Amino acid sequence: MQKKRILLKIGSNTLTKETDNISRGKIEDIANQIAHLQDTYEFIIVSSGAIAVAKQFVKLESKGKEITVKQALASIGQPHLIRIYQEIFREYGLLTSQCLLSYSDFEREQSKTNIVNTINVLVSNNYIPIINENDTVATDEIKFGDNDKLGALTASLLEVDLFIIATNTNGIYTKESIESNAPKTIEVVENFDALLEQVVSSRSKHGSGGMQSKIEAAAVTKKANIETWIVNGLEDNFIVNAMNNKVPFTKIK
């Protein structure tokens, strides 16, 4: 049986459970769900969080630009982030690997072919690729929104069956429900243009995304005919619960 392929994108806010530290419990929750689903699904993860991890260890002195400091933090945090994933996933019998990509890789045919080939080999050997932007050479993620776009480009390139964005809301809320402080989830989106009118710009605390970048990401995957789910990753068991329609989330078809 051909397994369905899911690309799971996890933002910093989800990984830290909106605190200042990476939550090992959240990574355990993700590992536990993947272990339960691995007979039917294969997973590729795009994970933010390198900068958040580094902030736990260091305070960098710099007279340089803030973006340069963030790149340096990403460089310190990335190996720690992967180590935490490795340790926890191993406890659930899951193997992980690290892939660092930059946006320019998606502009060159040779790089695109290499990404697809490498990830296919990893996945077929039961390794879960954990992808992040190569922040020390690129500043796009830091500037342009918490890996949402990187996740969407990767999902499209790998022709996945489902793109899940884990965030800190129950999907996308209707504009008027936010304005009246009683958030109501838009459950299914068939008309993308109508969705754009619902967007209220709000940025998240650690992440650089907010809803705008999630909808832009969904526009990329929609072009590739990939369904996108925007799910509340702060909840335990969020992937399984979304699959069983036990929680409110947004499905963009």
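In this chain, numbering begins with 1 at the start of the sequence shown. No experiment lies behind these values; they were computed from the predicted model shown.
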remark   = For Thr221 and Ala155 the tightest heavy-atom approach is CG2-CB, 4.0 Å

4.5 Å side-chain heavy-atom contact, Thr154 and Phe163 = no

query = Above 12 or not: heavy atoms from other molecules or residues under 6.0 Å from NZ of Lys112?
reply = yes

request  = Could you tell me whether the side chain of Thr96 reaches within less than 4.5 Å of the side chain of Ile82, counting heavy atoms only?
outcome  = no

remark   = Shortest non-hydrogen pair, Ile76 vs His80, comes out as O-CD2, 3.2 Å

query = Is there side-chain contact between Phe89 and Ile34, with heavy atoms separated by less than 4.5 Å?
reply = yes

message = Heavy-atom count check: over 12 atoms from other residues, nucleotides or ligands less than 6.0 Å from Glu159 CD?
response = no

request  = Starting at CD1 of Ile22, measure out to NZ of Lys55 and round the result to the nearest 0.5 Å.
outcome  = 11.0 Å

message = Under the side chain to side chain donor-acceptor pair (under 3.5 Å) definition, can you give me all pairs with a residue in residues 240-253, not counting sequence neighbours?
response = none

key: Close side-chain approach of Asn232 and Phe238, heavy atoms under 4.5 Å   = no

inquiry  = Same cluster or not: Leu7 versus Val121, using hydrophobic residues (I, L, V, M, F, W, Y) connected whenever any side-chain heavy atoms lie under 4.5 Å apart?
reply    = no

request  = Supply the members, apart from Leu95, of the Ile/Leu/Val/Met/Phe/Trp/Tyr cluster built from side-chain contacts under 4.5 Å; use none for a lone residue.
outcome  = Leu122, Tyr127

message = Testing Ile165, Leu195, Ile186 one by one against Ile252 for a side-chain contact (heavy atoms from CB on, under 4.5 Å), which residue passes?
response = Leu195

task = Mind listing the closest non-hydrogen atom pair of Lys17 and Ser23 along with its distance?
result = CD-OG, 3.7 Å

inquiry  = Quick check for you: to the nearest 0.5 Å, what is the distance between Thr167 atom OG1 and Asp148 atom CG?
reply    = 7.5 Å

request  = Report whether Leu234 and Phe249 are members of the same hydrophobic cluster (ILVMFWY, side-chain heavy atoms less than 4.5 Å apart, transitive linking).
outcome  = no

ask   = Would you say Lys214 and Ile172 make side-chain contact, with heavy atoms under 4.5 Å?
value = no

Shortest non-hydrogen separation from Gly233 to Ala166 and the atoms involved = CA-CB, 4.0 Å

ask   = Do the side chains of Ile51 and Phe57 join up, straight or via other hydrophobic residues, at under 4.5 Å, putting them in one cluster?
value = yes

message = With clusters defined by side-chain heavy atoms of hydrophobic residues (ILVMFWY) lying less than 4.5 Å apart, directly or transitively, does Leu37 cluster with Ile27?
response = yes

query = Is there any side chain to side chain donor-acceptor pair (under 3.5 Å) pair reaching into residues 27-38, and which pairs are they, with sequence neighbours excluded?
reply = Lys26-Asp29, Asp29-Gln33, Asn32-His36

inquiry  = With side-chain contact (heavy atoms from CB on, under 4.5 Å) as the criterion, how do Tyr85 and Ile45 come out once you've worked through the C-alpha distance, each side chain's angles and the decisive distance to 0.1 Å?
reply    = CA-CA 11 Å; Tyr85 268 111; Ile45 294 175; 4.3 Å; yes

request  = Consider only side-chain heavy atoms of I, L, V, M, F, W and Y, link residues closer than 4.5 Å, and tell whether Leu73 and Leu100 are in one cluster.
outcome  = no

message = Do Gln86 and Gln98 have side chains that approach each other closer than 4.5 Å (heavy atoms only, starting at C-beta)?
response = no

task = Count the heavy atoms of every other residue, nucleotide or ligand shown that sit under 6.0 Å from NZ of Lys3, and state whether that count exceeds 12.
result = yes

query = With a 4.5 Å heavy-atom cut-off, do Lys222 and Thr228 have their side chains touching?
reply = no

message = To the nearest 0.5 Å, what is the distance between CG on Asn170 and NZ on Lys184?
response = 12.5 Å

query = Does any non-hydrogen side-chain atom of Leu153 lie less than 4.5 Å from one of Val220?
reply = yes

request  = Mind listing the closest non-hydrogen atom pair of Asn132 and Ala50 along with its distance?
outcome  = ND2-CB, 3.9 Å

ask   = Could you walk me through whether Ile6 and Val160 pass the side-chain contact (heavy atoms from CB on, under 4.5 Å) check?
value = CA-CA 6 Å; Ile6 293 178; Val160 303; over 6 Å; no

request  = Apply side-chain contact (heavy atoms from CB on, under 4.5 Å) to the pair Leu157 and Ile119, showing each step before the final yes or no.
outcome  = CA-CA 11 Å; Leu157 183 60; Ile119 287 178; over 6 Å; no

key: Taking every non-hydrogen atom, the tightest pair across Ser48 and Asn147   = OG-ND2, 3.1 Å

query = Should the pair Tyr103 and Phe106 be assigned to parallel (<30°), tilted (30 to 60°) or perpendicular (>60°) ring geometry?
reply = tilted

Phe43 CZ to Ile128 CD1 distance, which is reported to the nearest 0.5 Å = 8.0 Å

request  = Applying side-chain contact (heavy atoms from CB on, under 4.5 Å), run through Leu162 and Tyr41 and close with a yes or a no.
outcome  = CA-CA 10 Å; Leu162 178 62; Tyr41 297 95; 5.8 Å; no

